[in-house]
Amino acid sequence: MRKFRLAPLALAALVPILSQPAAAADRTLTIYTYESFTAEWGPGPKIEAAFEADCGCDLKWVGVADGVALLNRLKLEGDKAEAGIVLGLDTNLVEEAKATSLFEAHGLETGAVSVPGGYSDDVFIPYDYGHFAVIYDTEAVDTPPASLKELVEGDPQQKIVIQDPRTSTPGLGLLLWMKSVYGDDAAAAWETLSKRVLTVTPGWSESYGLFTSGEAPMVLSYTTSPAYHMVAEETDRYQAAEFAEGHYLQIEVAGLLANAPDKDLARQFLGFMMTPGFQNEIPTNNWMLPAAPVSIELPDAFAKLVSPQKTFLYGSAEVAENRAAWIEEWLGAMSR
Amino acid sequence: MLTRAEHRAARASGLAALLAVGLALAIPVSVLLLHGAATGLTSTQADYLLRITRFTLMQAGLSTALSLLVAIPLARALARRPAFFGRRWLVSLFAVPLGLPPLVAALGLIEVWGRNGVVNKGLGFLGAETPFSIYGLGGILLAHVFFNLPLAVRFILPALERLPSEYWKTAANLGMGGFSLFRLIEWPAMRRSAAGAAGLVFMLCATSFTLVLVLGGGPAATTLEVAIYQALRFDFDPGRAVLLAAIQIGLTLAVMLGLKLISAPSEAGSTSGGRTSRPDAPGGLRALPDAMLIGLAGLFVSAPMLAVVISGLAADLGRLLADPLFWRAAVTSLLIGLAAAMLAVLLASLLVRARYSADDAPASPALGLLSGLSGAAGSLTLLVPPVVLGAGWFLMLGGGVGQLLAPLSVIVTVNALMALPFVMRVIEPAHRSAMERNSRLALSLGITGVSRLRQIDIPALVLPLTTGFVFAVALSLGDLGAIALFGSDRIITLPWLLYQKLGSYRTDDAAGLALLLGGLTMGLMLAADRLGNRNGNKAR
């Protein structure tokens, strides 16, 4: 009979789990973002401290694997999402994000924002940008690929870790990059590249972790990634490969959810994003380029980075229209 | 032997349990089927489906072949060497992978076989150019053999050990060589067990989720189970998830019918070490091949576990134990495990009793059906694996977003169903022998109904019930399949936390967590094993 007596006990013990944690301050702002943003070495904790210093509020990050996973989560949660802001989509996803009708216009003055090619939108505000690039380990790779074509056709024994376009913005970025360069031949190019792919991870953090722990000599990341190693680790070991065809641009954005529990507070944060208080943390914590003025000087390492001669960027509408089909094409080619 | 009223009660409650199991399976499956209002497939989608289906079958086939190809000679070597040093220890060790959470094992396997692992360092030292890659098919096969080779050995070994010693004497008199021995004596003895093991291993590998998720490494190495999860969590594409689930169920159904797994009588017995002396087991140098095979197998199975312990101890366990998130995950995991185990034990007892009651009566089609269904109820979870079950509930609950109780109940139910076949296997034989022992006495004393249950039947079954319960808790603690669909920042279990740490390459934390989770489940499994053995001895 012992097993029956456990039931009320278990129920009683469930109660503390089910009850919501009490707020530390009167007002709480929950922000959905990607994992590397909230990591202890990421910008999240510093930005939280800077914002909480004068908002009289409690800022709570909720991190999911990566940017596209954020959008998936929103689609899943619909209007039950408990966040005020979603931070970490990129311009490739804004059209689809708007189509969920979960976002509402920010209504803020965005004159301070400046990104390559210019971007302004009444729903999403850019907070940083960067170019995708293949980062290689100079101790394992003698001659890095000089073009996307060389990457695709190179030695299959020399592996690269990439990300899944169904969950991550870099993964989607590479998909669009390949499409920009190869067009209708992209499927065949993916099939060739797949022999070089060690593994496909759901998010950027996983693949970069694999790369730095020596599991693969190359990884898809950003032209700015070497700055991290130069500044934080004082090493030139990891470098970005400059590709002759040009690089794909990523502009990361944040938006206000129509169901935000405290919209004023959420708007206050969106405004804060465009100030040095937020932007100062971007270059040396998120290792991306700031989308608004900073009040610090960027470390010298940033001057040594690859700066792409040509930039690719699809329009949001075009991505929204083709994303599903292109991902299917990718799945088909990669599983062959 | 039961009184008429007891029969009625046993059958009624058995029917109720069957109904509960049936509903828990039928609801999500019918939601899946109803959801799948045939969406047309593009040719790329059809190609992709075909390819992952093929891969699912291919890796399961290869995993089974590899496991069996090693298990058969290994079982023979073990049977030939009853006095081999550390043999008992090795056979007990082989019981461990069954209860080891796949995630923990994956971590250990990466430590040993990863690019920076011991094996590749050794290979590099020997001048090998290309390291062994644990990602993709290689890693999946490796992990599946790690889990299933020991299982297969534990199936086959008892069959060989049961052979009477006269066989060996006669064989020696006739001067039979190794191959004739195998063909005429060993193979006929182990054939059924080997076939049963092959069927079970194939089913387990065809529905494998966690290992493929962690070690798959991309679309080229994706099984149906993982693709179902991805269709829901990556694309939120219910149509595709439904189609994949339908293929999965069709496939497992076909395989199961083909193998008649449900009726396969062979069981992994506990082996206490053979006592028969074998004239075909020469000593000295000629024992070397056997010794090497046994040694290598022992190394292969123990190395990843050892790696988990070593790197776990090197982790900052103090910090991990101070993390409130760890405790939240631990408490959630334990509560889910306890609830799932209670449900599993309750369902299993009712089914076992109904089956006994049906078998105890003169054969009638209805009772035969009740007996058959009760017996099959446990195996149904092999047919509809956790991720497929979870997928149905996931769609029904709209992702379970913004709720806690519903997703938690789903996880509990799925875990309970997953443990049901194992729990039934523990309880059924004990129940049968207890009934045989106590029935006449109870009848003659006139103790019937609830008071008989309370005073005689349940006390006699406390040990097996507890064994099944502990076993179910351990299984549930290590499960990632159900939580992978419903896990969020609000529902976190230990495997989910470990998966996240692995995902974000907090290797140190992951190693510590793996040790804690592995230690917890292993402790429970050992306890269950102890209880089970005590129970077995008492029943005998």
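Not measured: the values here are computed from a predicted model. Note: hydrogens, waters and symmetry copies are ignored here, and every other heavy atom, side chains too, is used. Chain naming here is simple, since letters A, B, ... match the order of the sequence lines and numbering starts at 1 in each.
- Checked for salt-bridge contact, Arg319(B) and Asp509(B) meet the test: a charged N lies under 4.0 Å from a carboxylate O.
- A search for ring-ring contact (aromatic ring centres under 6.0 Å, His included) contacts involving Phe55(B) returns nothing, not counting sequence neighbours.
- Looking only at atom types and distance, the side chain of Ser221(A) has a donor-acceptor partner in the side chain of Trp204(A) under 3.5 Å away.
- Both the backbone and the side chain of Arg336(A) come within less than 4.5 Å of a heavy atom of chain B.
- Counting heavy-atom pairs closer than 4.5 Å to chain B, the top-ranked of the candidates Glu328(A), Lys75(A), Glu329(A), Lys159(A) is Glu328(A).
- Only the side chain of Trp330(A) comes within contact range of chain B, with heavy atoms under 4.5 Å apart.
- Here Asp237(B) pairs with nothing under the side-chain hydrogen bond (donor to acceptor under 3.5 Å, both in side chains) rule; sequence neighbours left out.
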